[in-house]
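Everything on this sheet refers to the single structure shown next.
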Amino acid sequence: MSKVFALVDCNNFYASCERVFDPRLEGKPVVVLSNNDGCVVARSNEAKALGIKMGAPAFQLEDSFKKNNVTVFSSNYSLYGDMSERVMETLEQFTPDMEVYSIDEAFLSLKGIPPSEVTDYVRRIRATVCRWTGIPVSIGVGQTKTLAKAASKIAKNNPRTGGVFNITDHPEIDTLLDNMPVADVWGIGPRHEIFLKRFGIHTARQLRDAHDIWVRKHLTVAGLRIVFELRGVSCIPLEEMPMPKKGIMSSRSFGRPVEYLSELKEAMTTFVSRAAEKLRAQRSAAHILHVFLLTNRFKEDEPQYSNSATTVLPVSSSYTPELIRYAHTLLEILYKPGYRYKKTGVFLTEIVPENEIQTSLLVPGYPYKRNSEVMELVDRINARWGTDTVRYASEGIQRKWTMRRERLSPHYTTVWSEIPVVKA
DNA sequence: TCTGGGGTCCTAGGACCC
DNA sequence: TCTGGGGTCCTAGGACCC
């Protein structure tokens with residue numbers, strides 16, 4: 001039985017989330033900014049039509065925003081995370097075999113559906129997601145994940161498809177791939193694009209028809225997998241169980257330059273707390289802790305400094321106070337006065353399952369049980385009453401370094417606000 | 001004043017072992 | 001005269017994704 005994949009992709013996800021809760025924005029240009037209100041990370045179709053580019057720095061666009069009446073939001077990740085969960089729960093109603101690929105995308109397996117019914121089935125999925133969550137999606141269907149991705153792109157870019165495109169029953173797949181720039185193929189980034197074009201490969205079809213050996217040599221096995229997938233040979237399986245993360249990072253640019261070690265430590269306390277929460281959420285512990293800090297590379301007239309340091313823990317841990325201690329020690333080593341720092345962060349690696357922690361003979365009677373009970377309590381309180389209900393004194397009270405979020409929408413979906421009814 | 005924050009996988013090359 | 005070679009592990013760096 002041959003495979004059939006669907007890729008469900010939320011249209012302009014963050015912008016759509018904001019619009020669900022303010023229907024007056026329907027048909028109007030909306031953009032969402034990155035952390036620190038730095039650059040554009042999501043745009044409604046109307047904003048795209050104005051020529052606003054993904055990743056464009058916000059400060060360069062202020063005039064355009066004003067002139068064109070663009071509604072601008074700071075990013076509100078608790079809202080988007082919550083909406084994402086609703087979309088994914090809706091999709092789960094339609095198939096047990098599903099991979100949540102990112103905050104706004106999911107792959108579904110449709111292997112049980114008779115081929116002649118697949119397109120209708122997928123249209124029903126699209127309508128249901130829209131009715132239950134208010135989020136518009138595009139859905140592509142193909143024999144491989146790469147083809148499903150390509151199909152979803154066609155669905156999104158051609159309104160006449162009604163947001164759904166099934167490439168498996170299309171008679172002219174060659175023409176479709178002819179019309180797809182090679183850079184639009186999943187897994188082909190800017191470097192590969194430049195390289196491929198040097199060899200006359202400009203379209204998805206040309207890539208599909210390239211020679212295996214040549215592809216293997218220049219694009220490695222990852223490239224060869226893409227080529228096979230374009231030919232309809234499935235090489236990238238559905239990953240239904242999310243694999244535990246192998247590295248967990250938490251970092252943030254500051255809302256303004258930071259000069260003092262004390263403030264860097266405050267920020268670091270927050271980042272380590274976030275990272276350790278993620279660690280515990282997947283029931284694991286980290287053996288290695290990296291810390292980095294850097295100045296603002298865009299300020300060419302200011303002295304630049306960046307550095308990182310690593311420590312190996314005696315015993316893998318997810319205990320926040322311990323991780324904070326190590327991170328602060330590394331920060332003290334790295335810190336040099338006289339610089340204006342832009343960003344710092346922590347990266348946890350060598351992650352092992354909680355129940356496989358190797359105890360060290362040098363650390364007898366390590367106080368595991370009590371520590372993990374305390375952490376569990378903190379995590380439960382913060383999950384119920386909101387992040388930061390319980391936090392560490394060393395996170396500081398004033399927190400002047402926190403990111404700028406000057407255009408935040410209300411937290412519609414979290415604890416204290418009512419959830420508005422979405423009209424069908 | 002102002003330029004995101006996460007992640008994954010793959011390869012090459014060196015060290016080390018027998 | 002002759003100057004192994006294969007396996008494994010680790011690290012750094014590159015490329016990709018959203």
Side-chain angles (χ1 to χ4, degrees), chain A residues 7-14 31-42 53-63 65 72-77 80-81 84 99-107 145-146 149 152-153 182-196 215-226 235-236 239 242-258 267 270-271 274-275 278 282 288 290 292 294-302 308 310 312 340 342-351 403-407:
Chain A
L7 176 72
V8 181
D9 190 348
C10 299
N11 298 342
N12 319 325
F13 184 55
Y14 301 164
V31 309
V32 178
L33 304 181
S34 65
N35 285 321
N36 258 323
D37 295 346
C39 56
V40 174
V41 292
K53 296 272 179 276
M54 186 73 169
F59 73 93
Q60 290 172 357
L61 293 169
E62 285 305 332
D63 290 345
F65 289 160
V72 181
F73 291 96
S74 299
S75 46
N76 184 346
Y77 282 97
Y80 312 146
S84 175
E99 170 185 348
V100 177
Y101 177 67
S102 72
I103 194 166
D104 69 339
E105 285 177 51
F107 285 102
K145 285 166 109 178
T146 304
K149 265 276 196 185
S152 81
K153 202 149 251 177
V182 74
D184 283 3
V185 175
W186 189 38
I188 301 298
R191 305 309 283 255
H192 286 343
E193 180 192 12
I194 291 167
F195 176 83
L196 289 167
V215 171
R216 171 71 183 82
K217 181 166 170 213
H218 293 105
L219 267 51
T220 79
V221 296
L224 192 57
R225 266 200 294 268
I226 294 168
C235 307
I236 306 172
E239 310 266 9
M243 298 296 287
K245 306 245 177 301
K246 295 169 185 172
I248 290 174
M249 168 129 69
S250 178
S251 82
R252 202 80 23 161
S253 297
F254 301 129
R256 57 161 182 78
V258 166
T270 302
F271 303 147
R274 286 300 91 72
K278 292 185 206 169
Q282 64 170 36
I288 294 186
H290 315 261
F292 60 89
L294 37 93
T295 52
N296 188 347
R297 67 194 159 94
F298 290 103
K299 299 233 181 231
E300 288 170 13
D301 51 339
E302 289 187 8
S308 65
T310 295
V312 179
R340 287 154 64 80
K342 174 65 181 167
K343 184 175 179 179
T344 184
V346 64
F347 188 37
L348 304 172
T349 59
E350 295 274 287
I351 289 173
M403 61 184 179
R404 293 192 330 187
R405 295 169 97 188
E406 286 168 3
R407 320 195 213 203

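Bear in mind the structure is a predicted one, so any value in this text is a computation, not a measurement.
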Quiz item: At under 4.0 Å between heavy atoms, what does A:I103 touch on the DNA or RNA strands: base, sugar-phosphate, or nothing?
Solution: nothing
Quiz item: Got a salt bridge between A:K145 and A:E105, using NZ or NE/NH1/NH2 to carboxylate O under 4.0 Å?
Solution: no
Practice problem: For A:D37, answer base if it contacts any base atom (sugar-phosphate contacts may also be present), sugar-phosphate if it contacts only those atoms, and nothing otherwise; contact means non-hydrogen atoms under 4.0 Å. | Solution: nothing
Practice problem: Would you indicate what A:N35 reaches in the nucleic acid, counting non-hydrogen atoms under 4.0 angstrom: base, sugar-phosphate, or nothing? | Solution: sugar-phosphate
Quiz item: With sugar-phosphate meaning primed atoms plus P, OP1 and OP2, does A:L33 contact a base, only sugar-phosphate, or nothing at under 4.0 Å between heavy atoms?
Solution: nothing
Exercise. Find the distance between CD1 (A:I236) and CH2 (A:W186) and round it off to the nearest 0.5 Å.
Key: 4.5 Å
Quiz item: Roughly how far apart, to the nearest Å, are C:dG4 and B:dC17 at atom C1'?
Solution: 14 Å
Quiz item: A:R216 near the nucleic acid: base, sugar-phosphate alone, or nothing, with a heavy-atom cut-off under 4.0 Å?
Solution: sugar-phosphate
Self-check item: Mate of B:dG14 where both pairing distances stay under 3.5 Å, Watson-Crick or G-U
Solution: C:dC9
Quiz item: Do the rings of A:F271 and A:F254 sit parallel, tilted or perpendicular, given the 30° and 60° boundaries?
Solution: parallel
Exercise. Have a look at A:G247 and say if it touches a base, only the backbone sugar-phosphate, or nothing, with a 4.0 Å heavy-atom cut-off.
Key: sugar-phosphate
Quiz prompt | Closest non-hydrogen atom pair between A:A275 and A:L348, with its separation | solution = CB-CD1, 3.7 Å
Quiz item: Reckon A:K217 touches a base, only the sugar-phosphate, or nothing at all at heavy-atom distances under 4.0 Å?
Solution: nothing
Quiz item: Relative to the 5' end of DNA chain B, which residue comes earlier, A:R404 or A:S251, by the nucleotide with the nearest heavy atom?
Solution: A:R404
Quiz prompt | Boundaries of the DNA chain C segment in contact with chain A, non-hydrogen, under 4.0 Å | solution = C:dA15 to C:dC18
Quiz prompt | Sugar-phosphate, base or nothing in reach of A:R252, heavy atoms under 4.0 Å | solution = sugar-phosphate
Exercise. Would you indicate what A:S75 reaches in the nucleic acid, counting non-hydrogen atoms under 4.0 angstrom: base, sugar-phosphate, or nothing?
Key: nothing
Self-check item: Rounded distance [0.5 Å steps], OG in A:S75 versus CG in A:D37
Solution: 7.5 Å
Exercise. Measure the acute angle between the ring planes of A:Y80 and A:Y14, then classify it against the limits of 30° and 60° as parallel, tilted or perpendicular.
Key: parallel
Practice problem: Could you check A:A222 against A:F347 and say which one's nearest nucleotide on DNA chain B is further toward the 5' end? | Solution: A:F347
Quiz item: Using a cut-off of 4.0 Å on non-hydrogen atoms, how would the nucleic acid contact of A:E105 be classed: base, sugar-phosphate, or nothing?
Solution: sugar-phosphate
Quiz item: Under 6.0 Å from the CZ atom of A:R256, do we count more than 12 heavy atoms belonging to anything else shown?
Solution: yes
